[in-house]
Amino acid sequence: MATVYIPTMLLPLTGGVKQTRVEASSVRQIINGLEEQFPGIRERLMEDNQVRSNLAVSIDGEIARMGLLERVGENSEVHFVPAISGG
């Protein structure tokens, strides 16, 4: 199972749970698993059937480039972090 770290801004939806384990092989399955555990979290992570543009997904320290299709390993660490834009 992948370990998923919950961003601070979503802790109110998880009752303060900062990390959880989800059985998944893609980012989409991670989000679906989180929704099962914490109803309502999906709408805070997704918009128009994709990861919200203000969020980045990090899997094992690498930013996911394939969005919901990005593969997640059995022992991966997944972080949802606010995206940083530059200019």
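Source: prediction; values computed, not measured. Atoms considered below: every heavy atom in the structure, side chains included; atoms not considered: hydrogens, waters and symmetry mates.
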What one should report as the nearest heavy-atom pair of Q19 and T3 is NE2-CG2, 4.1 Å
- Task: Report whether V17 and V4 are members of the same hydrophobic cluster (ILVMFWY, side-chain heavy atoms less than 4.5 Å apart, transitive linking).
- Result: yes
Between A2 and G73 the two heavy atoms that sit nearest each other are CB-O, 4.1 Å
**Item:** Criterion side chain to side chain contact (heavy atoms under 4.5 Å, CB included) on S25 and V72, from CA distance to verdict
**Value:** CA-CA 5 Å; S25 60; V72 175; 5.7 Å; no
**Prompt:** Do L11 and V22 share a hydrophobic cluster, counting only Ile, Leu, Val, Met, Phe, Trp and Tyr and linking them when any side-chain heavy atoms are less than 4.5 Å apart?
**Reply:** yes
ask   = Are I59 and M1 grouped together when hydrophobic residues (ILVMFWY) are joined by side-chain heavy atoms under 4.5 angstrom apart?
value = no
Rounded to the nearest 0.5 angstrom, the OG-CZ distance for S26 and R71 is 6.5 Å
Quick check: is M9 connected to I6 through a chain of hydrophobic side chains (ILVMFWY, heavy atoms under 4.5 Å apart)? yes
Rounded to the nearest 0.5 Å, the CD1 atom of I31 sits from the CD1 atom of I41 at a distance of 9.0 Å
Separation between CG (L34) and CZ (F80), nearest 0.5 Å, reads 6.0 Å
For this session: Would you check if the side chain of E70 reaches a backbone N or O of R65 as a donor-acceptor pair within less than 3.5 Å?
Result: yes
d(L55 CG, H79 NE2) to nearest 0.5 Å is 14.0 Å
Any chain of hydrophobic side-chain contacts (each under 4.5 Å) joining I30 to Y5? no
To the nearest 0.5 Å, atom CD of Q29 lies from atom CD of E23 at 9.0 Å
CE (M66) and CZ (R28) are apart, to the nearest 0.5 Å, by 11.5 Å
- Would you say E35's side chain and R42's backbone share a donor-acceptor pair under 3.5 angstrom? yes
Counting C-beta onward and ignoring hydrogens, is there a side-chain heavy-atom pair between L10 and L45 closer than 4.5 Å? yes
Within 6.0 angstrom of E43 CD, more than 12 heavy atoms from elsewhere: no
